[in-house]
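Worksheet: one structure, shown below.
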Amino acid sequence: MAEPVIIGSERSEVGLPVGVEVLRRGGSALDAVEAAMRRCEDNPDDHYVGTGGLPNARGEVELDASVMTGSDRRFGAVAAMRGYPNPISVARAVMERLPQHCLLVGPGAELFAAENGFARAELLTDDARRIWRGQLTEAGQRAGDSVEGENTAAVAGDRRYREAALDLVRRLAPHEGPWGTINIMALDTSGELCVGVSTSGYPFKYPGRVGDSAIPGAGNWSDLRGGGAACTGRGELSMRGGTARTIVDLLARGSEPADACRLALADTAALPDEFRAELRALALTPDGRHGGAAGQEGSVYAVMTLDSTEPELHPRVAL
Ligand code: GLY
């Protein structure tokens, strides 16, 4: 049996020590992933997950998350969910308490969270609101139009709003600094391999937009016959590429994790796409090998084993 290990994408370092502690105590990969991801979601300085996540074009934080276990390919997910700070836990609850379904969205996900005792919270922090307002103002100035901060929300639903929101989505890029969804995957002493993904989605997205993080086969896949894989970056590409599933299929056919990630990203890189097209992938095998790839140089992922005192950063291969 392979040694337990937990790995994660950029900025998962905040949560991995919590997850590896679960594994040290003999806990499950699912418990480790959930615990580690919750810590990331609760970090208000991270503007791409949970509390503090950057909002949609109307200034509302909408969260997507999913969890999948490789022994049975059980999958649970929520998407476009507002007002609940730990979507990874709601996704797990969908998987365990509502097994006739895999994915709940919007008001249905919020109803399920309320009925299952999750506490509501304000997710839009002052810092995230300031970044959003700044982006709206800058975008409006760049376009020479009159879109200004919350005035956009004031006319939500009408034709002008929809046109402005679409235009913003076309023009806005993530702000500088490490950005993106968080992937965390763990292997436990029983050999279970769990993959978790959580995100506030593409910043300033069109309201209701769901990315790959909640979509099985796109942003998340786990199957002990090959391994686990997950993506960060522009989820529309991994949805079009079936990227996480493609990586696991390549692992099952004998590819090494970094090669499988690189090949799957190369497939999406060939897609016609006029928008920012950055995508990253991460993979872990049932015998504990791991690797990652990215569309740009300098991207890393973090690893902890039972002996680790802190997360160790490993380079991803660049396309
Ligand atoms: N990869 C996260 C998203 O596109 O929302």
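Both counts, for ligands and for their atoms, begin at 1 and track the order of listing.
With respect to Arg209 and Glu236, a salt bridge is recorded, a charged nitrogen being found less than 4.0 Å from a carboxylate O. Using a cut-off of 4.0 Å between Lys/Arg side-chain N and Asp/Glu carboxylate O, Arg289 and Glu256 are scored as salt-bridged.
Side-chain contact of Ser308 with Thr305: a donor-acceptor pair under 3.5 Å is present, judged by distance alone. Side-chain contact, Asp64 with Thr199: no donor N or O sits under 3.5 Å from an acceptor N or O. Using modelled atom types, one finds a donor on one side chain and an acceptor on the other under 3.5 Å when comparing Ser238 with Asp212.
Checking only distances, Asp212 does come within under 3.5 Å of ligand 1, N or O to N or O. In terms of polar-atom proximity, Thr181 is counted as a contact of ligand 1, with an N or O under 3.5 Å from an N or O of the ligand. When only interatomic distances are considered, the shortest N/O to N/O separation between Gly201 and ligand 1 does not fall below 3.5 Å.
The atoms of ligand 1 that sit less than 4.0 Å from any heavy atom of Gly235 are 1 (N), 3 (C), 4 (O). Counting the atoms of ligand 1 from 1 in the order shown, those under 4.0 Å from a heavy atom of Gly233 are 1 (N), 2 (C), 3 (C), 4 (O). Close approach of ligand 1 to Gly211 (heavy-atom distance below 4.0 Å) involves ligand atoms 5 (O). Atom numbering of ligand 1 starts at 1 in the shown order; those under 4.0 Å from a heavy atom of Tyr202 are 5 (O). Residue Ser213 approaches ligand 1 through these ligand atoms, each under 4.0 Å from one of its heavy atoms: 2 (C).
Gly219 does not count as a contact of ligand 1, since none of its heavy atoms falls under 4.0 Å from the ligand. Residue Arg209 places a heavy atom under 4.0 Å from ligand 1.
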Show, in sequence, the C-alpha distance, side-chain angles and deciding distance for Ile182 and Asp46, and conclude whether the side chain to side chain contact (heavy atoms under 4.5 Å, CB included) test is met.
CA-CA 10 Å; Ile182 293 187; Asp46 190 322; 3.5 Å; yes
Apply side-chain hydrogen bond (donor to acceptor under 3.5 Å, both in side chains) to Glu34 and Ser89, showing your working.
CA-CA 7 Å; Glu34 183 188 9; Ser89 296; 2.5 Å; yes
